[in-house]
Number of protein chains: 2
Amino acid sequence: MERFNIEESLKEHGIRRTPFRIELLTLFAEAKHALSHHDITEKLKPGQDRVTIYRALDAFVEKGLIHKVPDVHGAIAKYALCSHDCSSEKHEDDHIHFVCHKCEQTYCMEDIHIPKISLPKGYQKDHSDFIIHGTCESCSNS
Amino acid sequence: MERFNIEESLKEHGIRRTPFRIELLTLFAEAKHALSHHDITEKLKPGQDRVTIYRALDAFVEKGLIHKVPDVHGAIAKYALCSHDCSSEKHEDDHIHFVCHKCEQTYCMEDIHIPKISLPKGYQKDHSDFIIHGTCESCSNS
DNA sequence: CTGTGTGCAAAGGGTTTGCAAGTAC
DNA sequence: GTACTTGCAAACCCTTTGCACACAG
């Protein structure tokens with residue numbers, strides 16, 4: 001994830017630069033993997049209101065700043081920064097997600113795009129999710 | 001989904017053939033798409049205990065009779081019959097799932113296998129989920 | 001000033017746990 | 001008889017909604 005300007009980014013996406021939202025977006029900018037609501041509460045100072053976090057996340061997703069990472073098999077929802085120029089109109093997070101079953105983190109594989117699949121007659125694709133489960137690099141080496 | 005013997009199947013997978021479990025598995029055998037807990041309560045006679053359903057589903061998954069269908073973006077968990085010879089030891093449900101945003105059903109595309117992806121050095125794949133969202137055949141024609 | 005964001009309280013909904021009684025094998 | 005299943009009650013946890021106050025633009 002290339003460095004980017006937090007406040008600039010909020011402004012560009014039409015989100016007010018409140019201290020809390022700046023802090024939240026900073027978390028995402030610094031994260032090496034997707035964050036769940038729970039991850040976020042742990043990284044923020046204790047006492048931060050849960051609801052405010054939910055609403056900020058919703059706003060970020062809505063405005064194209066982050067994307068909701070597909071959670072499979074009942075896992076808790078996670079979120080990660082959008083890589084490209086997503087907006088309210090269109091998200092373009094066409095990459096594969098990797099879920100490590102050891103460290104339980106979810107990684108955006110920005111460089112690996114989801115392969116095209118030919119569907120049976122009559123089925124029309126809108127978008128797709130591809131999640132690979134396994135062991136991540138750092139967990140493999142330990 | 002080829003026809004198969006309900007009671008035989010329960011027996012083979014080491015699950016007791018109680019009236020309720022026979023009825024539940026029958027639902028899956030007749031379903032053309034994945035079923036959620038909610039779908040199931042609607043198809044069973046009213047008053048069937050929720051917890052019993054949860055536990056039966058867990059048992060079926062554990063024993064390799066059904067698989068949990070990847071629910072993406074906070075959807076409710078769904079389940080579908082396993083196609084091949086899954087067991088407690090190993091599930092082999094290597095097919096794509098199609099989620100229709102109109103009828104909100106999830107279909108197992110048994111014939112379409114998940115493509116192999118080459119991962120970066122160090123990442124080891126265990127299994128993967130591929131979910132395509134869009135409009136299904138019957139919803140396209142209406 | 002105006003619309004958005006925050007904090008608190010409470011409700012809602014899905015899923016899990018505990019335990020006693022019932023049943024398949 | 002033994003182990004697994006069921007049913008009921010209650011607990012848990014995540015998420016959403018409502019509302020009054022605070023604050024960015």
Side-chain angles (χ1 to χ4, degrees), chain A residues 6-27 34-66 68-79 88 104 106, chain B residues 6-27 34-66 68-79 88 104 106:
Chain A
I6 304 292
E7 301 201 22
E8 194 66 29
S9 192
L10 287 170
K11 191 175 179 184
E12 281 172 4
H13 288 83
I15 297 172
R16 291 195 176 167
R17 285 160 286 169
T18 68
F20 167 67
R21 297 200 168 190
I22 291 171
E23 190 179 357
L24 181 58
L25 186 53
T26 305
L27 280 189
L35 300 173
S36 67
H37 183 281
H38 183 253
D39 294 334
I40 292 166
T41 58
E42 290 194 330
K43 286 174 187 285
L44 292 172
K45 55 184 171 305
Q48 175 60 51
D49 185 56
R50 304 175 59 74
V51 178
T52 301
I53 300 174
Y54 281 116
R55 288 200 260 235
L57 290 171
D58 286 347
F60 285 7
V61 170
E62 217 286 305
K63 298 299 171 64
L65 259 175
I66 62 177
K68 209 163 175 175
V69 173
D71 57 41
V72 178
H73 290 183
I76 295 168
K78 296 201 175 192
Y79 304 82
S88 303
E104 300 190 314
T106 302
Chain B
I6 304 292
E7 300 201 25
E8 193 66 28
S9 193
L10 287 170
K11 191 176 178 183
E12 280 173 5
H13 288 82
I15 298 171
R16 290 194 179 168
R17 285 160 287 169
T18 67
F20 167 68
R21 297 200 170 191
I22 291 170
E23 190 179 358
L24 181 60
L25 186 53
T26 305
L27 280 190
L35 300 174
S36 66
H37 183 281
H38 183 253
D39 295 334
I40 293 166
T41 57
E42 291 195 329
K43 287 172 187 286
L44 292 172
K45 55 184 171 303
Q48 174 59 53
D49 186 55
R50 305 174 57 74
V51 179
T52 301
I53 300 173
Y54 280 116
R55 287 199 261 234
L57 290 172
D58 286 347
F60 285 8
V61 170
E62 218 286 306
K63 298 298 171 63
L65 259 176
I66 62 176
K68 209 164 176 176
V69 173
D71 57 38
V72 177
H73 289 184
I76 295 167
K78 296 200 175 194
Y79 304 82
S88 303
E104 299 190 316
T106 301

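Naming convention: chains lettered A, B, ... in sequence-line order (proteins, then strands); numbering from 1 in each chain.
Across all their heavy atoms, Ile6(A) and Ile22(A) have their closest contact at CG2-O, 3.7 Å.
The CG-C1' distance, from Leu44(A) to dT6(C), rounds to 14 Å in whole Å. For Asp49(B) and dT16(C), the CG to P distance is 14 Å, given to the nearest whole Å. Atoms NE2 (His37(B)) and C1' (dG13(C)) sit 12 Å apart, rounded to a whole Å. In this structure, Ile40(A) atom CD1 and dT6(C) atom P are separated by 13 Å, rounded to whole Å.
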Show your working on side chain to side chain contact (heavy atoms under 4.5 Å, CB included) between Ile53(A) and Gln48(A) and close with a plain yes or no.
CA-CA 8 Å; Ile53(A) 300 174; Gln48(A) 175 60 51; 4.0 Å; yes
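Here the straight-line distance linking atom OH of Tyr79(A) with atom CG of Leu35(A) works out to 11.0 Å at 0.5 Å rounding. Between atom NE2 of residue His37(A) and atom CG of residue Leu57(A) there is a gap of 6.5 Å, rounded to the nearest 0.5 Å. Atom CZ of residue Phe60(B) and atom CG of residue Leu24(B) lie 4.5 Å apart, to the nearest 0.5 angstrom. Here Leu27(A) contributes atom CG and Asp39(A) contributes atom CG; the two are 9.5 Å apart, rounded to the nearest 0.5 Å. Ile40(B) contributes atom CD1, which lies 10.5 Å from atom NZ of Lys78(B) (distance to the nearest 0.5 angstrom).
Between Arg17(A) and the phosphate of dG5(C), there is no side-chain N or O to OP1/OP2 separation shorter than 4.0 Å. Side-chain N/O atoms of Gln48(A) include one lying less than 4.0 angstrom from OP1 or OP2 on dG7(C). In terms of phosphate contacts, Thr18(A) brings a side-chain nitrogen or oxygen within less than 4.0 Å of OP1 or OP2 of dT6(C).
Surrounding CD of Glu104(A) are at most 12 heavy atoms belonging to other residues, nucleotides or ligands under 6.0 Å away.
Partners of Glu23(B) under the salt bridge (charged side-chain N to carboxylate O under 4.0 Å, His left out) rule, at least two apart in sequence or in another chain, are Lys45(B).
Nucleic acid contact class of Arg50(B) (heavy atoms, under 4.0 Å, all strands): base.
Heavy-atom distances under 4.0 Å link DNA chain C to Val51(A), Thr52(A), Arg55(A) of residues 51-61 of chain A, given in residue order.
A rotation axis mapping the C1' atoms of four pairs onto the next four is fitted at both ends of the helix from dC1(C)-dG25(D) to dC25(C)-dG1(D) over five pairs, and the angle between these axes is 40° to 10 degrees.
Under the side chain to side chain donor-acceptor pair (under 3.5 Å) criterion, the residue pairs touching residues 52-66 of chain A are Asp49(A)-Thr52(A), with sequence neighbours excluded.
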Using a 3.5 Å cut-off and no angle test, enumerate the donor-acceptor pairs between side-chain atoms of residues 12-19 of chain A and protein atoms at least two apart in sequence or in another chain.
{"from": "His13(A)", "atom 1": "ND1", "to": "Ser9(A)", "atom 2": "O", "distance (Å)": "2.9"}
{"from": "His13(A)", "atom 1": "NE2", "to": "Cys86(A)", "atom 2": "O", "distance (Å)": "3.2"}
{"from": "Thr18(A)", "atom 1": "OG1", "to": "Arg21(A)", "atom 2": "N", "distance (Å)": "3.2"}

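Where DNA chain D meets chain A (any atom under 4.0 Å from a heavy atom), the bounding nucleotides read 5' to 3' are dC14(D) to dG25(D).
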